[in-house]
Peer 1: 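Dropping the structure in here first, questions after.
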Amino acid sequence: MRKVLLTFVLLFSLSYASAAWKTYYIIENRENAMSDIFKIDWENNLFFLDSDSEDETKCPIKNLKTNGNTKTFDVYYTSSVGGGKFCSVKFTTGEDGKFTLTQTLTGGQKITFGLSDKKPLKDAVRDARTNPKELLKSGVDKISNVFKKKEKK
């Protein structure tokens with residue numbers, strides 16, 4: 001019985017860990033966004049689109065090319081919604097956790113967003129109202145980062 005339970009737990013944790021989503025928070029040009037975030041799974045080449053259907057959220061990335069600190073790729077709808085091309089993306093890594101994402105939609109419209117891998121403070125405060133544990137964790141992380149910086153000096 002223990003082996004069966006252990007096997008189940010390991011399989012569940014592997015399937016959960018297989019999605020390595022990286023969240024990028026929009027800090028510039030938010031008014032043109034459908035959401036406050038972009039999520040990309042670089043390991044499995046998936047782009048997150050906000051949808052009610054979980055199957056529709058994991059859009060495949062195709063034609064991924066890397067040139068220095070810039071990645072370009074195409075995002076396709078999942079096969080359950082037709083599988084056509086949604087947009088092309090140019091993703092540039094900057095300094096200090098800053099990124100630029102330019103979407104070229106199928107109609108030719110280009111939208112550029114400034115991104116960060118750190119959650120904006122006002123979002124963290126809003127989230128803390130619904131999840132106080134997250135605020136506590138965020139505060140502890142910030143305090144420990146201050147001590148780490150002092151130790152490095």
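Atoms considered below: every heavy atom in the structure, side chains included; atoms not considered: hydrogens, waters and symmetry mates.
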Peer 1: For residues 101-113, pull every pair meeting salt bridge (charged side-chain N to carboxylate O under 4.0 Å, His left out), keeping only residues two or more places apart or in separate chains.
Peer 2: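 Counting only pairs at least two positions apart or across chains, no salt bridge (charged side-chain N to carboxylate O under 4.0 Å, His left out) contact touches residues 101-113.
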Peer 1: By side chain to side chain contact (heavy atoms under 4.5 Å, CB included), which residues pair with N45, not counting sequence neighbours?
Peer 2: I61, L64
Peer 1: With sequence neighbours excluded, tell me which residues meet salt bridge (Lys or Arg N to Asp or Glu O under 4.0 Å) with K62.
Peer 2: none
Peer 1: Starting from the C-alpha separation in whole Å, work towards a yes-or-no answer on side chain to side chain contact (heavy atoms under 4.5 Å, CB included) for W21 and L46.
Peer 2: CA-CA 8 Å; W21 293 103; L46 296 171; 3.7 Å; yes
Peer 1: Name every donor-acceptor pair, under 3.5 Å, that has one atom in a side chain of residues 89-107 and the other anywhere in the protein, sequence neighbours excluded.
Peer 2:
residue, atom, partner, partner atom, Å
T102, OG1, T112, OG1, 3.1

Peer 1: How long is the straight-line distance from CG of L49 back to SG of C59, given to the nearest 0.5 Å?
Peer 2: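 So the gap between those two atoms works out to 3.5 Å.
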Peer 1: Y77, V75: one ILVMFWY side-chain cluster at the under-4.5 Å cut-off?
Peer 2: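 The answer is yes; both residues are in one hydrophobic cluster.
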Peer 1: Please round to the nearest 0.5 Å and tell me the distance separating atom CZ of F48 and atom OG1 of T23.
Peer 2: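 Output value for this atom pair is 9.0 Å.
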Peer 1: Only counting residues at least two apart or in another chain, list the ones meeting side chain to side chain donor-acceptor pair (under 3.5 Å) with Y24.
Peer 2: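 Testing Y24 for side chain to side chain donor-acceptor pair (under 3.5 Å), a comparison that skips the adjacent residues, returns W42.
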Peer 1: Is there any salt bridge (charged side-chain N to carboxylate O under 4.0 Å, His left out) pair reaching into residues 71-88, and which pairs are they, with sequence neighbours excluded?
Peer 2: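 Those involving residues 71-88 are D74-K85.
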Peer 1: I need the K58 NZ to K39 NZ distance, nearest 0.5 Å.
Peer 2: 9.5 Å
Peer 1: Hey, could you give me the CG/CZ distance between D36 and F113, rounded to the nearest 0.5 Å?
Peer 2: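 Between atom CG of D36 and atom CZ of F113 there are 10.5 Å.
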Peer 1: Parallel, tilted or perpendicular: which one describes the rings of F47 and F73, with boundaries at 30° and 60°?
Peer 2: tilted
